[in-house]
Amino acid sequence: MPLQLIRNDITKMRVDAIVNAANPSLLGGGGVDGAIHRAAGPQLLAACRRLGGCQVGQARLTRGYDLPCKYVIHTVGPIWQGGAHGERAQLASCYRSALALAASHRCKTVAFPLISSGVYGYPKAQALQVALETIAEFLSGHDMTVYIVVFDRDAVQVSSKLFQNITAYIDDVYADAHADPAGRFRQLPAAPVGGFAEEAASFAPPPRTAMRPSVAHPGLDAMLAQLDESFTQMLLRLIDEKHISDADCYKKANIDRRLFHKIRSNPHYKPSKQTALALAVALELSLEQTRELLMKAGFALSHSDKGDIVVEYCIRQRIYNIIEINQVLFKLDLQPLGY
Ligand code: APR
């Protein structure tokens, strides 16, 4: 998944480069700057001394020394002054400069803290939005995996309205599903003869005699010959019908280009449920189409799975921004869509 929101201590990240939220002197400080210098050891400070400082919105690179990453990219975020002093543009420039420097050093994996959202006072929700938008824009043209490493869950402020609506929807649906897990007491209207009973029979396991090996069943052969459209075939048909490119699709789904090409090149590929759902969101499918595409991969939406309920809610509300959906999933400690 090219853009991931995770909770961790950035000094523990085993990536090509971590980004430091530094100050113009580059001589260390508190917060993440202090944590990185402590973990990297004294050689980092010596290297930073040789850099001679850094301007706001710019980025400089050193080795990682005792850190588990190859490089540290030091950038200096804006100090929040209320938002009318160009802070947003300066903060976006931090992400762009750091990503450009990482790309020029052939970094494939980069981890950012939420720059300026600590000592420098940038409101966390806005700082996160700038980070997500700027990184997503960069990833639309580059192959890289970027982690936004948040130190505390409340740093991820999803829109409270959306969050309230989704948690209320989960409470309704999830509780209901758990009140009657087998659906024994629901959805079983008195089936008219030849109605539900007949349909149920068609799903009942075939009588034992039918299981005995015997000559090939011509009916079965015919059925096998008319296999339904596979997941890949349905996916590619929908991409054509929506008149979008493959790249638009996998970027919007926040899945890796290589994974998409694995799916595209194998007509019988079975993706993970998170990948199938990410593609359904990217294609802006209806709930029915999503269920059909999911079924092709061997999955179903379940009201016993909170992550599925979040996705179902968003699709019903036509919320197809995968980053927004993943922020809600992150906030609820549920697995994000993508991969
Ligand atoms: N891993 C990940 N994130 C962290 C870590 C960590 N180990 N430590 C702190 N953070 C988070 C904070 O919770 C905050 O959300 O990093 C974000 C940035 O906070 P600061 O480190 O305070 O950076 P910033 O707001 O950009 O202020 C920079 O603070 O440390 C000094 O020298 C630095 O003067 C500079 C100023």
Side-chain angles (χ1 to χ4, degrees), residues 3-42 44-62 64-83 85-99 101-102 109-135 145-158 327 330-331:
L3 176 50
Q4 301 193 34
L5 193 54
I6 63 169
R7 229 175 133 217
N8 201 347
D9 173 347
I10 201 165
T11 64
K12 306 275 188 285
M13 294 293 289
R14 295 187 173 284
V15 290
D16 290 339
I18 64 170
V19 178
N20 180 21
N23 60 59
S25 73
L26 295 187
L27 299 181
V32 73
D33 195 3
I36 288 174
H37 274 273
R38 282 192 296 278
L44 180 62
L45 183 57
C48 285
R49 280 210 174 89
R50 292 193 291 273
L51 290 176
C54 179
Q55 288 182 27
V56 174
Q58 302 297 311
R60 311 297 298 274
L61 179 133
T62 65
Y65 300 107
D66 299 343
L67 285 159
C69 58
K70 203 168 167 189
Y71 301 114
V72 178
I73 293 174
H74 308 263
T75 189
V76 181
I79 295 173
W80 180 254
Q81 303 172 70
H85 298 76
E87 297 97 317
R88 190 192 190 294
Q90 288 175 321
L91 184 57
S93 172
C94 288
Y95 288 97
R96 277 195 209 100
S97 310
L99 287 165
L101 201 48
T109 52
V110 180
F112 281 93
L114 267 186
I115 299 163
S116 282
S117 68
V119 167
Y120 280 1
Y122 209 112
K124 288 196 190 256
Q126 294 178 54
L128 176 62
Q129 217 43 47
V130 174
L132 288 167
E133 286 166 12
T134 313
I135 296 168
T145 297
V146 179
Y147 300 90
I148 298 178
V149 183
V150 289
F151 213 37
D152 37 34
R153 190 167 301 285
D154 67 14
V156 180
Q157 303 296 336
V158 285
Q327 279 181 260
F330 175 86
K331 191 90 180 148

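Order of listing sets the numbers, starting from 1, for every ligand and every atom in it.
- Every residue was checked against the ring-ring contact (aromatic ring centres under 6.0 Å, His included) condition with Tyr120, not counting sequence neighbours, and none meets it.
- Taking each of Asp9, Ile148, Leu114 in turn, the one with a heavy atom nearest to atom 17 (C) of ligand 1 proves to be Leu114.
- In summary, the atoms of ligand 1 found under 4.0 Å from a heavy atom of Ala21, numbered by their order in the structure, are 23 (O), 26 (O), 28 (C), 33 (C).
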**OP:** Could you check Arg88 against Tyr122 for side-chain contact (heavy atoms from CB on, under 4.5 Å), going step by step and ending with a plain yes or no?
**Re:** CA-CA 9 Å; Arg88 190 192 190 294; Tyr122 209 112; 3.6 Å; yes
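- Distances below 4.0 Å separate heavy atoms of Lys124 from the following atoms of ligand 1: 13 (O), 14 (C), 15 (O).
- Counting only residues at least two apart or in different chains, salt bridge (Lys or Arg N to Asp or Glu O under 4.0 Å) contacts with residues 66-75 are absent.
- Residue Ile115 has no N or O atom closer than 3.5 Å to an N or O atom of ligand 1.
- Which parts of ligand 1 touch Ser117 is read off a 4.0 Å heavy-atom cut-off, strictly below it: atoms 14 (C), 15 (O), 17 (C), 18 (C), 25 (O).
- Distance alone, capped at 3.5 Å, is enough to place a donor-acceptor pair between the Asn23 side chain and the Gly28 backbone.
- Geometrically, ligand 1 and Gly121 share no nitrogen or oxygen pair separated by less than 3.5 Å.
- The backbone N or O of Gly57 sits less than 3.5 Å from a side-chain atom of Ser97, completing a donor-acceptor pair.
- Within the structure, the closest approach of Ser116 to ligand 1 falls below 4.0 Å when heavy atoms are considered.
- Distance check, rounded to the nearest 0.5 Å: OG1 of Thr11 to CG of Asn20 gives 11.0 Å.
- Considering backbone and side-chain atoms alike, Pro113 places every N or O at 3.5 Å or more from each N or O of ligand 1.
- Taking all heavy atoms of Val149, Ile79, Val32 into account, the minimum distance to atom 21 (O) of ligand 1 is reached by Val32.
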**OP:** Evaluate the criterion side-chain contact (heavy atoms from CB on, under 4.5 Å) for residue pair Lys12 and Val149; output intermediate values, then yes/no.
**Re:** CA-CA 10 Å; Lys12 306 275 188 285; Val149 183; over 6 Å; no
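- Distance alone, capped at 3.5 Å, places no donor-acceptor pair between the Tyr95 side chain and the Glu133 backbone.
- In summary, the atoms of ligand 1 found under 4.0 Å from a heavy atom of Asp33, numbered by their order in the structure, are 30 (O), 32 (O), 33 (C).
- Under a 4.0 angstrom heavy-atom cut-off, Gly30 registers as being in contact with ligand 1.
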